[in-house]
There are 2 protein chains.
Amino acid sequence: MTTRERPTLEAVARRAGVSRATVSRVVNGSTTVAATIREAVNRAVDELGYVPNQAARSLVTQRTDSVALILPETANRVFSDDLFFPAIIRGVGMELEAADKQLVLMMTGSEAGHHRVERYAVAGHVDGVVFASIHGADPLPGALARRGIPVICSGRPMTAEPPVPYVDVDHAGGVAAAVRHLITTGRRRIATIAGPQDMVAGIERLAGYTGTLRAAGLPELVVTGDFTRESGIAAMRALLDRDPDLDAVFVASDLMAHGALMALREAGRQVPADVAVIGFDDFEISRYSDPPLTTVRQPIGEMGRTLARQMLLLINGDEIPESVVLPTELIVRDSA
Amino acid sequence: MTTRERPTLEAVARRAGVSRATVSRVVNGSTTVAATIREAVNRAVDELGYVPNQAARSLVTQRTDSVALILPETANRVFSDDLFFPAIIRGVGMELEAADKQLVLMMTGSEAGHHRVERYAVAGHVDGVVFASIHGADPLPGALARRGIPVICSGRPMTAEPPVPYVDVDHAGGVAAAVRHLITTGRRRIATIAGPQDMVAGIERLAGYTGTLRAAGLPELVVTGDFTRESGIAAMRALLDRDPDLDAVFVASDLMAHGALMALREAGRQVPADVAVIGFDDFEISRYSDPPLTTVRQPIGEMGRTLARQMLLLINGDEIPESVVLPTELIVRDSA
DNA sequence: TTGTACGCGTTATCAT
DNA sequence: ATGATAACGCGTACAA
């Protein structure tokens with residue numbers, strides 16, 4: 001608990017027998033410094049254990065070299081067995097680390113947390129804010145952007161003013177490929193377990209399903225879940241209840257698809273003989289489900305890395321496109 | 001992307017027709033300000049959307065009002081289905097939020113990440129650092145403490161200089177109660193699946209097992225896991241291999257205990273008829289396992305809250321005890 | 001009760 | 001190549 005004095009630039013300068021300016025140059029890697037002096041300064045830095053004061057530095061540079069990643073969820077949900085957030089975090093973290101930026105993780109399930117995040121960012125604690133997912137018409141991204149803070153979202157925001165740049169995957173394309181695969185393989189009563197309709201991912205995947213079925217002139221059957229395994233179980237039961245003869249189901253997330261698999265087994269249905277199942281995500285575990293899950297792969301890690309890269313560009317003052325859409329891909333295994 | 005000028009104290013002062021000092025007083029809630037002036041200032045603050053610059057403020061106050069929570073793990077592990085970290089994070093987060101401090105989450109699985117954390121903290125980005133778990137003789141807590149940065153650990157650190165205050169649970173007591181329960185109910189060949197031996201939690205739980213069995217003059221049988229479900233499965237298989245006649249097993253974590261349950265079923269053993277199983281943690285899911293798990297409850301959420309409270313005291317300059325040890329409790333259900 | 005003036009530790013501009 | 005010196009935006013003695 002020795003609240004020992006932290007050495008300042010001044011102290012290092014005295015010890016090395018130079019001016020503050022020179023020490024600053026050395027610390028920041030300027031090339032216009034004589035080798036001998038540089039060495040003396042570095043020695044003094046080491047001996048004193050000098051580390052630049054971030055507040056003082058930020059005050060003049062207007063930068064903090066750290067980026068906030070906002071998870072608009074409670075810790076409960078972030079740390080559930082859903083692997084979406086971990087993958088995003090890992091992707092963002094890797095790219096940021098490579099750029100020598102610090103990642104500041106913030107969870108804001110509550111309204112109050114929301115406000116805290118806004119103040120935190122506006123106060124200049126971070127150089128930019130990455131949103132890992134958006135619920136409904138969350139005003140926060142727009143509010144921050146309006147303040148001149150670099151913002152980027154994962155998934156197209158539902159609000160539009162000001163437009164906030166985003167990175168997303170081709171939900172509709174992936175779903176269309178999945179549903180077409182079902183149709184091509186002879187399925188005719190194709191239901192869906194949709195995701196939450198307050199999130200763009202949920203909405204667009206449902207739209208992909210609806211659009212493709214309509215184009216094929218086939219009937220629609222929709223039940224909504226919330227991306228969790230439990231909701232998948234409940235939704236599958238509801239579907240079987242409403243149409244015992246359905247022969248396929250497109251499920252908007254792998255986790256829900258696993259739930260659906262469980263419910264189908266419980267109901268005595270064979271997969272894929274009786275009912276074909278296709279998920280969305282392509283989590284690692286989906287390769288080992290029983291049967292292995294046919295699913296639409298979305299590149300979540302790549303999405304995280306892209307988010308970070310776009311953020312770094314923004315911070316750097318570069319122009320970036322309003323959206324980057326990553327491709328999805330149908331992975332055919334045994335369930336459909 | 002409008003990098004609009006952020007209003008400063010000066011701007012607010014001009015608008016409100018007062019001095020900077022007065023605005024500062026209002027913003028920081030000083031009582032020695034006339035009501036009418038306070039109102040005028042607040043109006044100016046709102047109109048301009050003024051938010052104090054954190055860097056400038058920190059520079060003079062030497063505080064940032066944020067606390068780092070270090071998870072010395074990779075994102076993989078933090079976001080696995082182990083519910084230890086989520087519970088800690090929630091506990092720390094709640095208490096910090098109540099104190100109006102911001103939680104900064106940092107994962108440092110790698111060596112480089114370790115170094116980044118040190119610089120981050122020493123640079124004064126946060127007022128204090130909470131460690132959510134410690135591996136081996138991690139020098140980081142000590143290094144930070146030596147720098148005069150408030151530090152507190154979850155679990156007794158294995159290094160001792162300088163001593164870093166910690167919050168822990170009574171591992172040995174809980175384990176002893178569990179093992180005695182097994183002995184009392186007639187078990188004689190009591191094995192254990194221990195936790196990783198580079199962590200105090202793993203070491204002390206094993207010590208509790210060993211000590212109790214020795215005192216009772218019973219044989220020991222130890223296999224080590226890493227707290228994951230998979231390692232529990234493997235360890236249980238190994239135990240059955242080494243002693244097919246064992247009649248009880250104390251498992252150092254609930255997750256591993258669930259793995260053990262699976263392996264026992266796979267081997268055709270009845271629980272608890274053939275083999276009694278006791279876990280450690282008392283996660284919610286353990287109430288619903290088959291059979292419901294007898295386990296040692298450790299108050300993880302309370303641990304998180306205590307960590308935060310102690311940290312707040314440290315930041316406040318108060319003295320705190322070198323350790324706080326929370327009680328554990330044997331929860332008897334059906335598996336033993 | 002309000003204002004003046006100084007200092008927090010850096011970086012950056014300008015001389016030298 | 002190096003050294004004064006002026007910001008950066010704020011809190012707070014101290015003075016009024």
Side-chain angles (χ1 to χ4, degrees), chain A residues 3-42 44-45 48-66 119-120 122-125 127 147-148, chain B residues 3-42 44-45 48-65 119-125 127 147-148:
Chain A
T3 310
R4 88 174 44 189
E5 299 281 307
R6 289 229 325 252
T8 82
L9 211 53
E10 178 71 39
V12 177
R14 263 201 308 274
R15 178 154 195 133
V18 297
S19 73
R20 288 202 319 253
T22 299
V23 177
S24 178
R25 288 188 189 102
V26 172
V27 168
N28 292 293
S30 164
T31 52
T32 70
V33 150
T36 64
I37 294 207
R38 173 195 316 280
E39 210 165 311
V41 169
N42 279 328
V45 165
L48 268 47
Y50 169 76
V51 173
N53 177 308
Q54 181 58 40
R57 178 176 269 181
S58 292
L59 189 54
V60 42
T61 61
Q62 310 275 39
R63 292 179 310 107
T64 65
D65 291 325
S66 55
R119 278 191 70 88
Y120 191 79
V122 173
H125 242 302
D127 296 340
R147 290 283 203 154
Chain B
T3 310
R4 89 174 43 190
E5 297 282 307
R6 289 227 329 249
T8 87
L9 211 51
E10 178 72 38
V12 178
R14 264 202 308 275
R15 178 156 196 130
V18 297
S19 74
R20 287 203 325 251
T22 299
V23 177
S24 176
R25 290 188 187 101
V26 172
V27 168
N28 291 295
S30 164
T31 53
T32 71
V33 141
T36 64
I37 294 207
R38 173 196 315 279
E39 211 164 310
V41 169
N42 279 328
V45 165
L48 268 47
Y50 170 76
V51 173
N53 178 307
Q54 182 58 39
R57 177 177 268 180
S58 291
L59 191 52
V60 40
T61 62
Q62 308 276 39
R63 291 179 311 107
T64 65
D65 292 326
R119 279 191 69 90
Y120 191 78
V122 173
H125 240 305
D127 296 339
R147 289 285 203 154

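What's counted below: heavy atoms across the whole structure, side chains too, no hydrogens, waters or symmetry copies. Given the structure is predicted, the values throughout are model-derived calculations rather than measurements. Residue numbers begin at 1 in each chain, while the letters A, B, ... track the order of the sequences.
By the side-chain contact (heavy atoms from CB on, under 4.5 Å) test, S58(A) is found to be paired with Q54(A), T64(A), A55(B), residues two or more places apart in sequence or in another chain being considered. Not counting sequence neighbours, R119(B) has no partner by the salt bridge (charged side-chain N to carboxylate O under 4.0 Å, His left out) test. Judged as a salt bridge (charged side-chain N to carboxylate O under 4.0 Å, His left out), and not counting sequence neighbours, the contacts of R15(A) are E47(A).
For the helix from dT1(C)-dA16(D) to dT16(C)-dA1(D), the terminal axes (five pairs an end, C1' atoms, rotation from four pairs onto the next four) enclose an angle of 40°, given to 10 degrees.
Heavy atoms only, all atoms of each residue included: N42(B) and V26(B) are closest at OD1-CG1, 3.5 Å. The two residues A16(B) and A44(B) have their closest heavy-atom pair at CB-CB, 4.0 Å.
R6(A) places no side-chain N or O within 3.5 Å of a backbone atom of G148(B) that could act as its donor or acceptor partner.
Between R63(A) atom CZ and dA12(C) atom C1' the separation is 13 Å, expressed in whole Å.
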For residues 7-14 of chain A, dump all side-chain donor-acceptor pairs below 3.5 Å to protein atoms at least two apart in sequence or in another chain.
residue, atom, partner, partner atom, Å
T8(A), OG1, E10(A), N, 3.0
T8(A), OG1, A11(A), N, 3.4
E10(A), OE1, R20(A), NH1, 3.4

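Among pairs with a residue in residues 28-40 of chain A, those fulfilling side chain to side chain donor-acceptor pair (under 3.5 Å) read S24(A)-N28(A), N28(A)-R57(A), S30(A)-T32(A), at least two apart in sequence or across chains.
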Exercise. Quick one: what's the B/S/- string for nucleotides 7-16 of chain D, heavy-atom cutoff under 4.0 Å, read 5' to 3'?
Worked result: -BBBBBB---
